4 protein chains.
Amino acid sequence: MTLTIAQADAMLAAGAARAHTLGVAANIAVLDAAAHLKAFARMDNAVLGSIDVSIGKARTSALFQISSEAVWDYCQPGAPAHNLEASNGGLMPFPGGLPVIATDGEIVGAVGVSGGAPAQDLEIAQAAVDALTA
Amino acid sequence: MTLTIAQADAMLAAGAARAHTLGVAANIAVLDAAAHLKAFARMDNAVLGSIDVSIGKARTSALFQISSEAVWDYCQPGAPAHNLEASNGGLMPFPGGLPVIATDGEIVGAVGVSGGAPAQDLEIAQAAVDALTA
Amino acid sequence: MTLTIAQADAMLAAGAARAHTLGVAANIAVLDAAAHLKAFARMDNAVLGSIDVSIGKARTSALFQISSEAVWDYCQPGAPAHNLEASNGGLMPFPGGLPVIATDGEIVGAVGVSGGAPAQDLEIAQAAVDALTA
Amino acid sequence: MTLTIAQADAMLAAGAARAHTLGVAANIAVLDAAAHLKAFARMDNAVLGSIDVSIGKARTSALFQISSEAVWDYCQPGAPAHNLEASNGGLMPFPGGLPVIATDGEIVGAVGVSGGAPAQDLEIAQAAVDALTA
């Protein structure tokens, strides 16, 4: 399955709606399964530094096909993949990036959110994913 | 004036509508006046290489406050600014990038389009600008 | 509010005066709110490596609208945003970068200082900010 | 001779004064003989794209110890140094960059100006150099 722009826009809209509810000004990035940018929105008043972070979280998820914070399980102190976070131009291994998995288990893309607290970013990303898969 | 996400989305929608009419699968990027990404859409079947080109055209327009192809007037053979296109990490001085100018003359952002022929990209970019300023 | 060159020069002068008092040879960078360079001074005998660091601290502050060391609160061990410092081409999350906030709360720019000990760099940056906002 | 910050500031002031006379909003960069940034000023309303161009012109002059446009004599069509402009991360071989030569012939730095027409940028750069050497 290929992620369409209609699906990506639905993800952005659902993420933005949740962000509004939370009172968060978020950057939301949707990437395809190959980690190329498909759609992006910077909500009004979102900080500039989070543009790159949102794309980075989505890229982290797309490249490893797991949530961005799950990548941290591999590179955190005591885990075997020391410095994995320096690969691929710099990963963003913390909450806010989620893969989009089709019902057949195939990854079709990823979403990354940055602008709020990590738990808020994750909730916004989940809302975006749910718009496509729920 | 600060470009809002509602305005940027209206620009993306108008650009995509024109692209559909032309039968072009375009990448469309909207940046703020300081050349930071505000909104982006990759239409289905748009080539991957044009993602960066669309952002680059918009960045070229935002940085110099003129159309992307007007920058070429400065760097083309016989013009005085040889190799200007190598500045700022690489400019995209060909048709498809337009500044967004408010009625008071202030630049508020820029749009960049890539995916079709240069004339088509320019027409799509103009449709996006017209959505905001017409 | 747009940061003027007169304001930026006043910030540089105030920062340099404080640096002289402290016996520090500092690099001082003033950026606008969108992280573009507005004014810069390398005091005599300041180390070359600190040119980029001073700009990087100011960029870190502008992009996240907080002091550069406050960004470390997000990415330090135990905090949730592991490797955030690798975003945006490399952040400088340690003392010496401060946002410039107008009386209405709007960010209008940032200053970054490098050349002395971190506490000295911060004191110099604060002197620069005070020149504009005190 | 080492270029001091007092000298660099005098160059910036003289350049800005000439730019005001010409009605040009210029970016002015002063580099030392090793092409490291010493001082910089972006006049109000100068275009963002010219920040990098002004530094690039000064860098071009410092690296080759001649005016930026004289570098073009080596790389222009018919000249032997094809593509020299792609060296050093991208040269800016057009008017507006000048070396600063001490009375003993030693190069002590360079100035680069961007924001106006090439002839204006050159005139502003010359005014900056004259402030130090006249």
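On a predicted model such as this, the values are computed, not experimentally measured, just so you know. Chain identifiers are assigned alphabetically (A, B, ...) following the order of the sequence lines, protein sequences preceding nucleic acid strands; residue numbering begins at 1 within each chain.
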*Can you tell me if Thr60(C) uses its side chain to pair, donor with acceptor, with the backbone of Met92(C) under 3.5 Å?*
yes
_So for atom OH, which belongs to Tyr74(C), do other residues, nucleotides or ligands contribute more than 12 heavy atoms lying within a distance under 6.0 Å?_
no
_Residue Asn45(C) excluded, over 12 heavy atoms near CG under 6.0 Å_ = no
*Among Pro93(A), Pro77(A), Gly90(A), single out the residue with the greatest number of heavy-atom pairs under 4.5 Å to chain C.*
Pro93(A)
*With chain A, which of Cys75(C), Ser87(C), Ala81(C) has the greatest number of heavy-atom pairs at distances under 4.5 Å?*
Ala81(C)
*asked:* Would Ile124(C) and Leu22(C) count as a side chain to side chain contact (heavy atoms under 4.5 Å, CB included) here? Give the steps.
replied: CA-CA 9 Å; Ile124(C) 296 164; Leu22(C) 294 171; 3.8 Å; yes
*Checking heavy atoms, do the side chain of Ala62(C), its backbone, both or neither come under 4.5 Å from chain A?*
neither
*Contacting moiety of Ser50(A), where chain C heavy atoms sit under 4.5 Å*: both
